[in-house]
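A, B, ... follow the sequence lines: proteins, then strands. Residue 1 opens every chain.
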Amino acid sequence: MSSNLFIPPWAEQVAEQLGTGPHVVVTGISPSGNIHAGNLREVLVAEAVANALKARGLEVRFVFHADTIDPLRKIAPGIPADYKSYIGHSLSRVPDPEGCHDSYAEHFLSPFEETLKRMEMHVEVLRSHELYEDGFYTEVTREAIEHTEALRRILQEVSGREMPKHWSPYLPRAGSGQVVGARVLEHLPGENKVVFADEDGWEEVADYGRGEGKLGWRVELAARWKALGATFEPFGKDHTSRGGSTDTADRMAEEVFRYPVPGRYEYEWIQIKGKGAMSSSKGIVLLPQEMLEIMPPDALRRLILGRDPARALDLDLGAGFPRFMDEYRAEVEPYPVPFAHLVTVAQTVGGEPEKAAVMLRRGGYEEAASDLAELRRDLAYARNWAEKWAPESYRFGVREEVPLEVANLDAEQRTYLAAVAGRLEDGMDGEATQDLLYSTAVELGLKPKTAFGALYTTLLGKKSGPKAGSFVAGLDTDFVRERFRHVSGLTTAGEVED
RNA sequence: GGGCCAGUAGCUCAGUGGUAGAGCAGGGGACUUUUAAUCCUCGUGUCGAAGGUUCGAUCCCUUCCUGGCUCACCA
């Protein structure tokens with residue numbers, strides 16, 4: 001697909017230190033809630049490193065490991081309260097809260113996977129519950145259970161936490177559906193089974209070769225490296241703290257699983273300007289899907305990755321966004337239209353690229369007007385941004401109906417509108433229109449601000465707007481004439497009545 | 001307390017071992033033309049502090065100060 005891969009310098013440096021492979025680049029995310037832009041950063045870090053390795057001619061497998069078998073831990077906002085009865089159950093076995101997918105896990109995973117496709121991400125998406133059910137983790141699970149004492153010791157030494165007496169690296173699923181809270185009593189290595197006591201003390205048997213349970217998170221991390229043959233995995237800073245999951249997994253990998261610790265990149269978090277770090281539980285969530293509404297996939301890559309993912313990033317999709325887009329497009333296109341102008345055009349003509357092209361040509365953006373397909377996309381980005389993210393000052397829309405605000409126009413302004421309506425001619429360009437609007441105001445002895453205010457009020461319901469000449473010229477002349485005549489007559493008549 | 005990141009012009013941030021940069025804001029000027037107008041023009045700031053390495057450091061090392069985030073399974 002994309003022959004010239006985007007490889008930032010930091011990714012190149014990481015790749016240099018990773019050896020000759022073959023490589024398995026892994027990124028893992030739990031679909032316990034919305035998979036947001038912060039999660040995307042992890043995937044993009046992995047992608048960039050995978051690309052850097054590929055560019056060096058190395059063999060690379062790029063894997064997205066979705067932790068679908070993980071237990072539901074808490075009820076996120078927007079999830080029905082009665083879901084608390086599912087706490088402790090695997091996400092892959094909890095129903096979709098909105099009923100639109102096969103499971104809770106799929107409900108959140110599926111849209112993210114769709115986003116990855118739209119970004120042309122060449123990644124294998126694996127679901128952990130399927131891996132367990134297919135026996136992919138059988139060997140490492142057996143190994144873990146056999147080394148229960150060593151694993152427990154590492155956990156206690158590294159995390160400083162006293163593990164329960166009956167701690168086991170394996171969490172069998174009880175008949176109730178719970179994958180936490182059981183006590184493993186006996187290992188039957190020949191049958192891939194464990195005998196355990198469930199939360200009520202009943203003895204049951206679980207077949208770990210068929211996904212009837214899972215490894216505990218910290219052990220699973222190290223086991224996963226071995227099973228997948230991972231050579232690189234990025235981690236957010238919450239995992240890389242002293243005593244954190246990477247600390248324990250590193251030792252488990254080396255001492256128990258005899259597997260070399262994969263390369264690592266520690267990335268900082270993304271914040272939303274003015275709102276703080278993303279958090280599903282606080283309702284501060286920015287979805288990648290939303291971001292693709294206002295920018296192309298490659299722009300999203302650069303925005304999320306930032307200059308260096310090891311540094312925190314404050315995402316500004318408001319006032320700062322046009323500048324970002326201009327910088328991005330300056331690299332991609334020979335003659336980019338300033339995004340702010342595109343926003344004006346989009347709001348003036350709606351989604352019709354033909355009309356937008358006319359407007360852009362008048363403004364001197366010949367290049368941008370030539371490719372209608374591309375223009376249609378850009379207009380959509382601009383319009384979506386204007387509706388959802390733009391500061392108020394950017395936003396306007398030509399009213400379908402006569403705005404109520406015209407009631408505030410005085411007699412002079414109405415006279416002005418009538419005069420303009422009488423002078424407007426088809427085919428006038430932006431400059432000619434600007435002259436007409438201005439000279440008419442002067443002739444009637446109106447201040448430009450007053451005159452232009454009337455015009456904006458009549459068309460937009462606001463006192464100000466985009467540069468009037470090209471704006472009015474971009475509209476249908478008949479529509480403008482009709483609107484102006486209507487408003488001037490209507491309000492004048494109203495005053496006479498009074 | 002541990003970890004990561006940051007501390008450069010009013011603000012947001014680039015940046016390089018060899019005389020400090022951009023955008024915005026602000027000052028001045030131009031334009032008979034509203035608009036977050038447009039065009040031209042203006043930036044000596046202890047590059048957080050102190051040491052060290054070096055012919056030379058804002059950039060490398062050490063220590064310290066300040067701020068942000070993070071720490072047992074929400075990147």
>> With a 3.5 Å limit on both atom pairs, tell me what B/U38 is paired to, counting Watson-Crick and G-U wobble, or say none.
In response: B/A30
>> Using the side-chain heavy atoms of A/H36, tell me which of these nucleotides is nearest: B/A14, B/A75, B/C4.
In response: B/A75
> Rounding to a whole Å, what distance do you find between A/Y416:OH and B/U34:C1'?
Replying inline: 9 Å
> CG of A/L315 versus P of B/G68: gap in Å, rounded?
Replying inline: 20 Å
> Between B/C5, B/C74, B/A75, which nucleotide has the shortest distance from any of its atoms to the side chain of A/E268?
Replying inline: B/C5
>> I'd like to know if A/E149 pairs up with A/R153 as an ion pair, taking the criterion as any Lys NZ or Arg NE/NH1/NH2 lying under 4.0 Å from an Asp or Glu carboxylate oxygen.
In response: no
>> I'd like to know if A/R118 pairs up with A/E114 as an ion pair, taking the criterion as any Lys NZ or Arg NE/NH1/NH2 lying under 4.0 Å from an Asp or Glu carboxylate oxygen.
In response: no
>> Tell me whether A/R41 is salt-bridged to A/E268, with the criterion being a basic N under 4.0 Å from an acidic carboxylate O.
In response: no
> Can any side-chain N or O of A/T440 pair as donor or acceptor with the backbone N or O of A/L437 at less than 3.5 Å?
Replying inline: no
>> Roughly how many Å apart are B/C40 and B/C4, using the P atom of each and rounding to a whole number?
In response: 46 Å
> For atom P, what is the distance between B/U35 and B/G26, given to the nearest Å?
Replying inline: 14 Å
>> Without decimals, in angstroms, what is the distance between A/D435 CG and B/U33 P?
In response: 12 Å
> When the distance from CD of A/E157 to C1' of B/A72 is rounded to whole Å, what number comes out?
Replying inline: 16 Å
> With respect to the side chain of A/W269, which nucleotide from B/C74, B/G68, B/U70 is positioned closest?
Replying inline: B/U70
> Over how many whole Å does the gap from A/R307 atom CZ to B/C13 atom C1' extend?
Replying inline: 8 Å
> What is the distance from CZ of A/R41 to C1' of B/C5, rounded to the nearest Å?
Replying inline: 11 Å
>> Counting only Watson-Crick pairs (N1-N3 plus N6-O4 or O6-N4) and G-U wobbles (N1-O2, O6-N3), all under 3.5 Å, who is the partner of B/G21?
In response: B/C13
>> Should the side chain of A/Y456 and the base of B/U34 be counted as holding a donor-acceptor pair, with the cut-off at 3.5 Å?
In response: yes
>> Salt bridge check, A/D67 against A/R224: does any charged N sit closer than 4.0 Å to a carboxylate O?
In response: yes
>> Work out how far the C1' atom of B/G51 is from that of B/A57, and round it to whole angstrom.
In response: 14 Å
> If the C1' atom of B/C59 is compared with that of B/A6, how far apart are they to the nearest Å?
Replying inline: 15 Å
> Of all the nucleotides listed (B/C74, B/G23, B/G68), which has the minimum atom distance to the side chain of A/R323?
Replying inline: B/G23
> From B/U34, B/U32, B/G68, pick the nucleotide closest to the side chain of A/Q271?
Replying inline: B/G68
> With respect to the side chain of A/K237, which nucleotide from B/C73, B/A14, B/G68 is positioned closest?
Replying inline: B/G68
>> I'd like the P distance from B/C60 over to B/G15, given in whole Å.
In response: 12 Å
> Taking the C1' atom of each, how far is B/C13 from B/G7, in whole Å?
Replying inline: 12 Å
> Does any nucleotide pair with B/U44 by Watson-Crick or G-U wobble geometry, both distances under 3.5 Å, and what is it?
Replying inline: none
> In whole angstrom, what separates A/D70's CG from B/A75's P?
Replying inline: 10 Å
> On a whole-Å scale, what distance lies between the C1' atoms belonging to B/C5 and B/G48?
Replying inline: 15 Å
>> With a 3.5 Å limit on both atom pairs, tell me what B/C60 is paired to, counting Watson-Crick and G-U wobble, or say none.
In response: B/G52
>> Taking the C1' atom in each of B/U62 and B/A20, what is the distance between them to the nearest angstrom?
In response: 25 Å
> Where the side chain of A/R218 is defined as all heavy atoms beyond and including C-beta, which of B/A75, B/U34, B/A72 is the nearest nucleotide?
Replying inline: B/A72
>> Taking any heavy-atom pair under 4.0 Å as a contact, classify A/G38: base, sugar-phosphate, or nothing.
In response: base
> Using a cut-off of 4.0 Å on non-hydrogen atoms, how would the nucleic acid contact of A/I270 be classed: base, sugar-phosphate, or nothing?
Replying inline: base
>> Parallel, tilted or perpendicular: which one describes the rings of A/W217 and A/H239, with boundaries at 30° and 60°?
In response: tilted
>> With a 3.5 Å limit on both atom pairs, tell me what B/G1 is paired to, counting Watson-Crick and G-U wobble, or say none.
In response: B/C71
>> Need one value for A/A310: base, sugar-phosphate or nothing, where a base atom within 4.0 Å counts as base even if backbone is also close, heavy atoms only.
In response: sugar-phosphate
> Under a 4.0 Å N-O cut-off, is there an ion pair linking A/R152 with A/E157?
Replying inline: no
> Mapping A/P322 and A/R73 onto RNA chain B by nearest heavy atom, which one lands closer to the 5' end?
Replying inline: A/P322
> Within this structure, what is the CG-to-P distance between A/L444 and B/U32, rounded to whole angstrom?
Replying inline: 21 Å
> Does a distance-only test, which skips hydrogens and angles, find a donor-acceptor pair under 3.5 Å between the side chain of A/D314 and the base of B/U12?
Replying inline: no
> Quick one: is B/A6 close enough that its OP1 or OP2 comes under 4.0 Å of any side-chain N or O from A/R311?
Replying inline: yes
> So, A/K214 and A/E220, do they make that salt bridge, N to O below 4.0 Å?
Replying inline: yes
